[in-house]
Structure formats: C-alpha cells, structure tokens
Amino acid sequence: MLKKVLIANRGEIAVRIIRACREAGLQCVTVYSTADRTALHAEIADESVCIGPPSVQDSYLNMNALISACQNTGATALHPGFGFLSESAEFAQLCIDNGITFIGPSPESISMLGDKARAKETMKAAGVPVIPGSDGAISSVEEAKKIAAEIGYPVLVKASAGGGGRGIRRIDREDQLEEQMSVAKEEAKLFFGNDEVYLEKLIVGPHHVEIQIIADQMGNTVALGERDCSMQRRNQKVLEESPSPLMTPELRKAMQEAAVRAAKACGYYNAGTIEFLVDDDRNFYFMEMNTRIQVEHPVTEWVTGVDLVQTQLLVAQGKPLPFTQEDIQVRGHAIECRINAENPEQGFRPSPGKIRSLHIPGGPGIRVDSAVYQGYTIPPYYDSMIAKLIVHAPTRSQAIMKMRWALAEFIVDGIDSNIDFQLRLIKNKDFEAGTYDNTFLEKFLADSKNGEKENGK
Ligand code: ADP
Ligand code: ADP
Ligand code: MG
C-alpha cells in the first residue's frame, strides 16, 4: 500500500498531482531547484526537498538526486508528471531497482513507444493504420530519396526520439532532402541526444485527434474519448477541446478500438495517449503514443467524469480499473486554453518576472490549474506555461461563450501573457465553426502580420 508519493516535477502539473495525493489520503513530497524555493509546488506540499541548482540537468533531470530524495523522505512511489523524466525508460527502471513504484507504464513500454519509428512498426503489425513513411529509421540520404519518391512529396523528416514539436522538418522537393535531413539530425542530436530520424508523408491540413486511454496491470484497457489538438504553433498545442468538432459516433468507435488495440499490442498500463492525424475524408492514422499524463488531460476529465491522476495512482498500486468501457460516456463539451508567460507580439518570447496582481476566473464550469500566485516571480529557466484555463458546458457554443468571458476576466499583471491572443482565437470564425485544422494557427499568425503591415504598423 502506498503512503507517500514523491512528485518529480514543477509547475501546474506538480500542483495537480499534490491535490490528487491529498484526495487519495497520500502524503506528498515535492522537489525544487534553488530557483524554485518560492514556487507553489514547493510551498504547499507536505514536505519539499531541494535537489539542486536552477539548470534542469542538475535538478529536475538529476536521477540520483531524485532517488535520494525518495530514500531520505521515505517516499515509496514517484509521479513523474509530464516532460522532464516522464518518458525516460532508464529512470523508470532506476526507480524500480530502488524499490520505488514508478507511477507510469513499464520501462519496456516507455522505451518501445519512445522510439517513434519503432512504435509505428509495432502498430502497423498490430493492424493500426499508420501514416505512410519509412519502415523504421532511415540510414542514408539515398534511402530517404527512394522512400520519399514512393510516398510522394511533401514529406516530413522526424526525430525518432522527438517530443515537444521539436526535430520535425518539412521537405517539398528532392533537392531539399539532403540539407533538411541533416538539419533534423542535428536538432535531434542536440535536443534528444539521438540523431535517428524517420520519414513520413505530410498529411495536408489534418486534424490532430488523440485518444486518451487508461489501463490496469490486469490488462483492462479503457478508452476515454478524444481530444482535438489541431490548434498548434510550431507543432505544439495551444488550445484543446473535447469532443473533436469533426467527430462522429462511428469515427469515435473506430478510433477508440484502434487505440485500445495499440495499447494492448505493447502490454501497456497506466494513462497513455494515442495521437492520430485525421484527414478530410475522416481517415485516421497513428502518429505516436505518449506514455504519460498529458497537459490537456483536464478536458477529458471533464467530459468523462474520470479523474485521470487518481486512476493513475490506483493502477500503479496494482489495483483494477474502477470502471469498464461501458461506463464511459462523453458528456457536454470542454475546452482548454494554455496560459503562457510570453509575448505573442514579439514572436512569443518568454516573459518571466514578477506577477504584481492576479485575478483568476471562477464560477460553474470553470477550472484553473495553475502554479502562480500574486507576488510570485516566474523564473526564466523553465517552460513558459503558467496555468491552464478549462471550461465545460453542455454544448460547444456554450463552452466557447464561457471561455470568452473567463479569458476576459483572467488578469495577470507584471508580465506578458497570451491571454488576449487566446481570446482572439476563441473569437475567430473558423474556430467557432469548428473547421480549423493543424495549419490554421500559422496562417492566422501570418495574416495578422500582413494586416499590421497594411495598417502601417
Ligand atoms: P502534451 O502532448 O502533453 O501536450 P507537449 O508536447 O506539450 O505534451 O509536452 C509537454 C511538456 O513536456 C512540454 O513542457 C514539453 O516541452 C515537454 N516535452 C515533451 N516531450 C519532450 C521531450 N521528448 N523532451 C523534453 N521535453 C519534452
Ligand atoms: P511530438 O513528438 O513532438 O509531439 P508528433 O509526431 O506528435 O511530434 O508531431 C507533432 C505535430 O506535428 C502533430 O500534432 C501534427 O500537428 C504535426 N505533424 C506530425 N506529423 C505530421 C504529418 N505526417 N503530417 C502532417 N502533420 C504532422
Ligand atoms: Mg505528439
């Protein structure tokens, strides 16, 4: 039985996990870098341990410091959150070797699915439709040229170990291939310490639709509907919603079945997300599986009524899922806006600094998962996401209305934020019509820039 959990993360997700532990009657320990002494997750946990200097290499990615923190505080389980070490098979194994329950999937699942090229091969073998491309990693420019000619341009070269939208390059013609492939390899080496890349057909104007699953260690796997994350800037999600505006009962059934098949094909347990691209004819293709809790998990929690972090805690202890597929129904509509400390007018440049005043919206159907408070100084070393605003209403148009005034009520003074930018998106006609795809936001940004030029700005 679990008594004490260490949370190896920071920011709003660490706070989210603290709350889940409290609800489950578990004690929680957090860790912090010297730049995070006054961070909310360090202030409100039952105990908090300093694990190193600001640099993530020396703190939140410092495996030995984290294991020692568990040992020194008597924590027998560790929740990795997202980012940082959440998708490190090596770290999951290190926890297990030290008798610490890793609240996530097995190291084998993490390493298989973290290799995106290999994951696609596994899914293909399991009968899950995948985006056409190379079978596994590509070893030479010649091989890449051959495959690209077969599947047809434009193609993407993608890092096998990629994440966070990094290490993806578009190639429109054969003469660009050599250069773009080498750029992608360099970026992959730099960010992921692994320069392996694979090739994929560029699906034109697709929707990013992902299926949340959760599975216990007995092999019960349940799908919890979808999230549409097509609103992206540089392949990173900005706003998410559930249901997807393009969903039909038939498509959901088919995608959920494929997702469960995908999870079972690799003996997966814990929470996981299978990301698909859906084209205009509603064909769907497996893209990758994320083996962790996701940023946008609250929208699923709201439409299904399932607490995903609580359920993670349950299945990590070897308990069975407390619900079956038949129990799951998608009710109403939820939208999430990521609130970042950044300046949209200046290329989304991060904007750390002191929050002088803060007003957080509230009321029925509004949830704010945040890591900030009035007087808090956002350090410059970490991700710029400071909060998530999630709304729920019976219909999509009601959810949009609610999001509009919730964003308008949200005040963060002292730093720059993307709140007004999110408000512009929410008011956009294509968003309102639900017809946006994953190319929408880049066009929207280009249009605003041109508009400014015309107005002589
Ligand atoms: P989600 O699919 O949950 O929205 P994101 O791609 O936005 O996930 O990533 C969540 C967080 O984890 C972000 O802070 C992102 O920068 C970070 N992240 C994701 N994948 C990686 C990775 N492979 N290496 C480092 N950071 C990552
Ligand atoms: P990451 O691991 O960084 O999340 P993904 O493989 O999930 O990388 O791709 C990130 C985003 O890039 C997707 O959500 C999608 O919008 C876009 N993308 C990826 N692959 C393709 C593709 N083959 N065609 C079109 N868009 C793609
Ligand atoms: Mg992805």
Side-chain angles (χ1 to χ4, degrees), residues 82-83 86-88 110 112-121 123-124 128-138 144 147-148 150-172 180 184 187-188 190-192 194 196-213 226-241 244 246 255 259 262 272-281 283-297 338 383 385 436-445:
F82 52 67
S86 61
E87 291 174 285
S88 164
I110 298 177
M112 201 282 280
L113 293 158
D115 179 340
K116 293 167 74 177
R118 209 171 121 213
K120 274 182 78 179
E121 286 184 282
M123 295 309 160
K124 208 170 160 184
V128 177
V130 302
I131 302 171
S134 58
D135 289 322
I138 36 177
I147 296 162
E150 273 166 32
I151 58 179
Y153 289 90
V155 297
L156 293 179
V157 53
K158 297 172 77 170
S160 299
R166 290 213 174 95
I168 302 178
R169 293 272 149 179
R170 176 180 170 143
I171 300 161
D172 288 286
Q180 290 303 318
E187 200 170 304
L190 185 70
F191 284 110
F192 312 112
N194 175 349
E196 208 177 87
V197 293
Y198 62 106
L199 214 63
E200 212 167 74
K201 187 166 180 61
L202 177 95
I203 312 278
V204 179
H207 296 255
H208 173 121
V209 181
E210 57 187 34
I211 302 286
Q212 174 73 55
I213 62 108
E226 79 284 357
R227 294 183 288 256
D228 196 311
C229 314
S230 304
M231 197 62 89
Q232 298 185 354
R233 182 179 158 265
R234 297 194 173 162
N235 303 319
Q236 267 221 302
K237 301 159 188 170
V238 170
L239 172 161
E240 303 94 346
E241 60 177 320
S244 165
L246 61 71
M255 289 183 75
T273 297
I274 295 93
E275 295 188 337
F276 294 99
L277 289 183
V278 181
D279 68 18
D280 281 341
D281 299 321
N283 299 305
F284 62 89
Y285 308 92
F286 171 89
M287 186 163 52
E288 65 157 340
M289 179 161 177
N290 291 326
T291 57
R292 54 173 164 87
I293 193 78
Q294 275 188 282
V295 174
E296 58 274 22
H297 75 277
R338 298 189 185 198
D383 200 273
M385 192 178 73
Y436 66 103
D437 61 36
N438 84 343
T439 62
F440 170 82
L441 190 46
E442 300 288 354
K443 280 187 226 144
F444 178 81
L445 286 167

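Note that ligands are numbered from 1 as they come in the structure, with each ligand's atoms numbered from 1 the same way.
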Which ligand 2 atoms, with their elements, are less than 4.0 angstrom from a heavy-atom of [X]?
X    : answer
G163 : 1 (P), 2 (O), 3 (O)
Q232 : 11 (C), 13 (C), 14 (O), 15 (C), 16 (O)
K201 : 22 (C), 23 (N), 24 (N)
G162 : 2 (O)
L277 : 21 (C), 22 (C), 24 (N), 25 (C), 26 (N), 27 (C)
H208 : 13 (C), 14 (O)
L202 : 24 (N), 25 (C)
E200 : 20 (N), 21 (C), 22 (C), 23 (N)

*asked:* Tell me which one of R227, M231, Q232 satisfies side chain to side chain contact (heavy atoms under 4.5 Å, CB included) with K237.
replied: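 Going through the options one by one, the only one that passes is Q232.
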
Taking 4.0 Å as the limit for heavy-atom contacts, which would you say applies to [X] with ligand 2: side chain only, backbone only, both, or neither?
X    : answer
V204 : neither
E275 : side chain
N290 : neither
N438 : side chain

Counting N and O atoms only, with roles assigned by atom type, does the side chain of [X] sit under 3.5 Å from a partner on the main chain of [Y], one being a donor and the other an acceptor?
X    : Y    : result
E87  : I110 : no
H207 : Y436 : yes
K120 : I131 : yes
D281 : N283 : no
S134 : L199 : yes

*Take E210 and E296, measure what side chain to side chain contact (heavy atoms under 4.5 Å, CB included) needs, and give me the verdict at the end.*
CA-CA 11 Å; E210 57 187 34; E296 58 274 22; 2.6 Å; yes

*With no hydrogens and no angle check, do the side chains of E226 and S244 hold a donor and an acceptor under 3.5 Å apart?*
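Side chains of E226 and S244: no pair found under 3.5 Å.
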
*Roughly how far, to the nearest 0.5 Å, is the CG atom of N235 from the CG atom of N438?*
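Atom-to-atom, N438:CG and N235:CG are 7.5 Å apart.
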
*Using only N, O or S atoms, tell me which atom of E275 is closest to the Mg ion (ligand 3).*
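Looking only at N, O and S atoms of E275, the one nearest the Mg ion (ligand 3) is named OE1.
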
*Which N, O or S atom name in E288 marks its closest approach to the Mg ion (ligand 3)?*
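Sorting the N, O and S atoms of E288 by distance to the Mg ion (ligand 3) puts OE2 first.
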
*With only distance considered, is G165 within less than 3.5 Å of ligand 2 through an N or O on each side?*
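Right, the criterion is met.
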
*ligand 2 and I203, any nitrogen or oxygen pair closer than 3.5 angstrom?*
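Checking ligand 2 against I203, an N or O pair does fall under 3.5 Å apart.
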
_Run E288 and K158 through side chain to side chain contact (heavy atoms under 4.5 Å, CB included) and show every step you take._
CA-CA 11 Å; E288 65 157 340; K158 297 172 77 170; over 6 Å; no

*Pick from V155, L156, I168: the one approaching atom 22 (C) of ligand 2 most closely through a non-hydrogen atom*: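 It is L156 whose heavy atom sits nearest to atom 22 (C) of ligand 2.
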
*Looking at residues at least two apart in the chain, or sitting in another chain, which of them share a side chain to side chain donor-acceptor pair (under 3.5 Å) with S230?*
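Listed in chain order: D228.
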
*Below 4.0 Å from any atom of ligand 2, is there a heavy atom belonging to K116?*
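It does; at least one heavy atom falls under 4.0 Å.
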
